[in-house]
Number of protein chains: 2
Amino acid sequence: MTATLTHTEENYLKAIYKANEKTKEAVSTNMIAQYMNTSPASVTDMMKKLSTKGLIIYERYKGSRLSSEGSKSATSVIRKHRLWETFLVQKLGFSWEKVHDIAEELEHIHSEELINRLDDYLGFPKYDPHGDPIPSADGKFTLREQIIVSQLNIGEVGVLVGVKNHETSFLDHLNKCHISLGTSIAILDKSSFDKSLQVHIDNDHQILLTHEVSKNLLVRKS
Amino acid sequence: MTATLTHTEENYLKAIYKANEKTKEAVSTNMIAQYMNTSPASVTDMMKKLSTKGLIIYERYKGSRLSSEGSKSATSVIRKHRLWETFLVQKLGFSWEKVHDIAEELEHIHSEELINRLDDYLGFPKYDPHGDPIPSADGKFTLREQIIVSQLNIGEVGVLVGVKNHETSFLDHLNKCHISLGTSIAILDKSSFDKSLQVHIDNDHQILLTHEVSKNLLVRKS
DNA sequence: ATATATTTTTAGATAAGTCTAAATATTTAT
DNA sequence: ATAAATATTTAGACTTATCTAAAAATATAT
Ligand SMILES: [Mn+2]
Ligand SMILES: [Mn+2]
Ligand SMILES: [Mn+2]
Ligand SMILES: [Mn+2]
């Protein structure tokens, strides 16, 4: 059991896991194709393969769900991804916008002993540099109270605990705004027209957050 | 230029590099097949491909040599392998017999920034956990005076600085003999019949080293 | 120098992962 | 309830890396 999977199989399982986090239902072929940046035809091929291997439950025209075996594999890949990102930032001094792409490669290194030693070396971190929870060796996530920053009311203050987008361009934009994990964001005004937010950053400077930006900011109300 | 190579291409280049270290001549198809654990037919296919890409100089029936471009790539992979091994031992506490296989995967992570930061993090080590020299970012190796332990005469003493075999089984054997890098080995007797060596380890205990073992031990005369 | 042995290449297949275009099923809108 | 739109699957092809078996070239030994 737990035969070694290819990078590609692992990436598909991760895609199904992430897509399912949102929809909570069986994930459509098209949605997986979008996540994987491939054609729907390729997805169908792979769904048959993963289904045969017992990693997903797949029904023609009905979509796919992870089996418990598949879920375990997906969680393990996510654990590796997030631990490596944490290593890159905390030990090697990378900035948070640089680490995702490298971790996309590192997450496929198979040794479990390696990742468990890394976890130990990092002090068993609960969250990665983007605020995403890191599953423990037995697959448990540490959840946390968090809301999208736009759910705060005028006058309320939140502390940034996570971002929902890992793209370099997005994180670079936050860097320019002097926003990082731990930054306090106070709501000064909310536009009902374009959903933009006027905010006070770290009691230091005022800026306007477009909806495009604010919908990716997760805060803890403070 | 320096297009990204596949894991397989990198492994072939490394094999040619290592084979050439011994023979110093163009490397035969069969020799590469042995190193790579594949069929000679597969090697021929790959030689054509690497030749087309300008990474090797290949002549039908005459063997292959690395081009300067190919040599650069091979050296870069070796650098990654040895730095990762050093990380695994020095930071994560792995024993030297466990790290080779994991490094075989890690050596294919492509980011140059990653490996240069890792090098810095490790303090720019010159040798890996098996005593092999680690090429610097510009591809230079730090060489050292070393001989095979059997070249010592009776009464002479050497300090182990490297091993020529990275297999877990071999290193495990050394562990059992309490031999590791830095261990002193004094020659008590040499058998001309089976080339075995009677030695004194760390002025502590006496053992017999078979030729199979001693031919893989590199020492600095002391 | 000729036969034999060895090495290397070619030919033809296979498996994984991908694609486009065509066929089919499902969903949505009238 | 039908037609139109959308989603999904199938068919057929391509690429990479591998294999075995057969053919060709080179090296070795008599
Ligand atoms: Mn990431
Ligand atoms: Mn992350
Ligand atoms: Mn090694
Ligand atoms: Mn080594």
Side-chain angles (χ1 to χ4, degrees), chain A residues 3-16 19-20 22-66 70 73-74 77 104-105 107-108 110, chain B residues 3-16 19-20 22-66 70 73-74 77 104-105 107-108 110:
Chain A
T4 304
L5 305 177
T6 66
H7 294 195
T8 310
E9 291 169 333
E10 290 185 338
N11 283 333
Y12 272 99
L13 292 176
K14 200 175 54 154
I16 296 170
N20 177 255
K22 307 206 170 172
T23 65
K24 285 297 189 179
E25 293 170 28
V27 183
S28 75
T29 296
N30 260 10
M31 174 149 276
I32 298 167
Q34 259 195 281
Y35 267 82
M36 290 297 295
N37 229 290
T38 55
S39 70
S42 299
V43 174
T44 300
D45 287 345
M46 184 55 85
M47 293 308 103
K48 288 177 184 165
K49 187 182 167 197
L50 294 176
S51 179
T52 301
K53 288 198 176 189
L55 294 160
I56 64 172
I57 293 94
Y58 163 68
E59 274 186 277
R60 274 159 73 257
Y61 292 103
K62 295 292 180 69
S64 306
R65 295 178 300 110
L66 293 173
S73 294
V77 175
E104 285 294 321
E105 291 190 62
E107 71 189 4
H108 302 295
H110 286 115
Chain B
T4 305
L5 305 176
T6 65
H7 294 196
T8 310
E9 290 168 334
E10 290 186 339
N11 283 334
Y12 272 98
L13 292 176
K14 200 175 51 153
I16 296 170
N20 177 255
K22 308 206 170 174
T23 65
K24 286 294 187 180
E25 293 171 28
V27 183
S28 75
T29 296
N30 259 12
M31 173 149 276
I32 298 168
Q34 260 194 281
Y35 267 80
M36 291 295 296
N37 230 289
T38 54
S39 71
S42 301
V43 174
T44 299
D45 287 346
M46 183 57 84
M47 293 308 102
K48 288 177 185 166
K49 186 181 168 197
L50 293 176
S51 179
T52 301
K53 288 198 177 191
L55 294 160
I56 64 172
I57 293 93
Y58 163 68
E59 273 187 276
R60 275 159 73 256
Y61 294 103
K62 295 292 181 68
S64 307
R65 296 179 299 113
L66 293 174
S73 294
V77 175
E104 284 294 320
E105 290 190 62
E107 72 189 4
H108 302 294
H110 287 116

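In this text, all values refer to a predicted model and were calculated from it rather than measured experimentally. Residue numbers begin at 1 in each chain, while the letters A, B, ... track the order of the sequences.
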Item to check | Plane angle bin for H7(A) and H7(B) - parallel if under 30°, tilted between 30 and 60°, otherwise perpendicular | outcome: perpendicular
Atom-pair distance ([atom1] on [X]; [atom2] on [N]), nearest Å:
| X | N | atom1 | atom2 | value |
| --- | --- | --- | --- | --- |
| K53(B) | dT15(D) | NZ | C1' | 12 Å |
| M47(B) | dT9(C) | CE | P | 9 Å |
| I32(B) | dT18(D) | CD1 | P | 13 Å |
| E10(A) | dA16(C) | CD | P | 16 Å |
| K62(A) | dT8(D) | NZ | C1' | 13 Å |
| E59(A) | dT9(D) | CD | P | 11 Å |
| Y61(B) | dT9(C) | OH | P | 6 Å |

I want to check one thing: is the phosphate of [N], taken as OP1 and OP2, less than 4.0 Å away from some side-chain N or O of [X]?
| X | N | value |
| --- | --- | --- |
| R60(B) | dA24(D) | no |
| Y58(B) | dT8(C) | no |
| T29(B) | dT9(C) | yes |
| N30(A) | dT8(D) | yes |

Side chains of [X] and [Y], heavy atoms from C-beta outward: is any pair under 4.5 Å?
| X | Y | answer |
| --- | --- | --- |
| N11(A) | Y35(A) | no |
| T38(B) | Y12(B) | yes |
| M36(A) | M46(A) | no |
| T44(B) | Y58(B) | yes |
| H108(B) | H108(A) | no |

Check: protein-nucleotides 18-20 of chain C nitrogen or oxygen pairs below 3.5 Å:
| unit_1 | atom_1 | unit_2 | atom_2 | d |
| --- | --- | --- | --- | --- |
| dT18(C) | OP2 | Y12(A) | OH | 3.3 |
| dT18(C) | O4 | D45(A) | OD2 | 3.4 |
| dC19(C) | OP2 | S39(A) | N | 3.0 |
| dC19(C) | OP2 | S39(A) | OG | 3.1 |
| dC19(C) | OP2 | S42(A) | OG | 2.6 |

Checklist entry - Is K48(A) touching bases, backbone alone, or none of the nucleic acid, heavy atoms closer than 4.0 Å? => result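 Counting heavy atoms under 4.0 Å across all strands, the contact made by K48(A) is with sugar-phosphate only.
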Next on the checklist: Quick check: closest heavy atoms across L13(B) and G70(B), and the distance to 0.1 Å?
Outcome noted: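 Answer, listing the atom of L13(B) first, then G70(B): CD1-O, 4.3 Å.
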